[in-house]
Amino acid sequence: MTLLNKALTIAGSDTSGGAGMEADLKTMEELGVFGMTALTCIVTMHPTTWEHSVYPLPMDLIEKQLVTAIEGVGINAMKTGMIGSPDLVELVAETIDKYELKNVVIDPVMVCKGCDLILAPDAAAAIKKLLLPRCDIITPNTVEAAYLADMAEVKTVEQIKEAAQKIVAAGAKSVVIKGGERLSDKAAIDIFYDGQEFVEMAEPKIYPSYNHGAGCTFSAAITAGLANGLTMKDAVLQAKAFVTAALKHGFAINNIVGCTNHTAYKKYGA
Ligand code: PXL
């Protein structure tokens, strides 16, 4: 009998399919992991303006999903995505403690692409206080990293390294900061730090940038790697290869949005 390793994502649904729990499940599937969800909200998009509407799900329903996945099935790793209220962040922290969860990946979804404003400041503060100290890895972009590290800005490789050290000093076991579009470099540079070594991962930036869902895909790939028993460093390296392939083969889902292609890594290789 084949047994699959199992992973849980506590995330929102991106109905259009590129980000959120859709990205997480597709990524886990491609990496051979049995994915489960505790859905936090459903996001819909206006078909022509693409204006987002967020419909939060009730707390007791989220709690029941957590019990189903963790007690009812069991998990080898977990990640968070959109958890937009302090109450929900608190529930996630309590759940990590109650079940002594291992391989905890926190994707601190605080800002959207093209916008540097923290969307839900009270939830962001709760993530910093309650989830940063409980995670095995946290995966901020540069805006989120500046917030987590109490720095005015993170715009250079040197500042990324300083932020990484501050985030680990604040209690995260490790961190990977995504340089991405905001870093004024020709390369897409991500930097991993676990308190001992820096690993700099650079790939040429890919244009056109069909990158919706890239952050979710990256953190889900780390989670899947951990569920399969990889070390943190190897899980991060595999996730970088996975997301680079997904970006190389990204595609426009309509005339507004381009998404990462979750099938690319397995189909075409890194
Ligand atoms: O990429 C951030 C993100 C995460 N989760 C959900 C989303 C989005 C962006 O649209 O819809 C559910």
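Predicted model, so just to flag it, every value in this text is computed and none were measured. If you read the sequence from its start, that first residue is 1, and numbering goes on from there. As the structure lists them, so they are numbered: ligands from 1, and atoms in each ligand from 1.
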Problem - NZ on K178 to CD1 on I191, rounded to 0.5 Å - result: 14.0 Å
Problem - Near ligand 1, at a heavy-atom separation below 4.0 Å: residues by chain and residue number - result: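 If the criterion is a heavy atom under 4.0 Å, then ligand 1 touches G12, S13, D14, A19, G20, V43, H52, M82, H212, C216.
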Practice task
Please collect all side-chain hydrogen bond (donor to acceptor under 3.5 Å, both in side chains) contacts where either partner lies in residues 47-71, sequence neighbours excluded, each pair once.
Solution key: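 side-chain hydrogen bond (donor to acceptor under 3.5 Å, both in side chains) check on residues 47-71 returns H46-T48, H46-T49, E71-Y99.
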Only distances under 3.5 Å count here; give the side-chain donor-acceptor pairs of residues 238-252 to other protein atoms, sequence neighbours excluded, each with its distance to 0.1 Å.
| residue | atom | partner | partner atom | Å |
| --- | --- | --- | --- | --- |
| K240 | NZ | A188 | O | 3.2 |
| K240 | NZ | D190 | OD2 | 3.0 |
| T244 | OG1 | K240 | O | 2.7 |

Handout entry: Partners meeting side-chain contact (heavy atoms from CB on, under 4.5 Å) with V104 (sequence neighbours left out)
Key =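 For V104 the side-chain contact (heavy atoms from CB on, under 4.5 Å) partners, ignoring immediate neighbours, are M78, I96, L101, I106, C135, D136.
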Handout entry: Polar side chain donor-acceptor pair, E22 to S13, under 3.5 angstrom
Key =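 A pair is found: one side chain offers a donor N or O, the other an acceptor, under 3.5 Å apart.
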Practice task
Please check if the side chain of D194 supplies one atom and the backbone of E197 the other of a donor-acceptor pair under 3.5 Å.
Solution key: yes
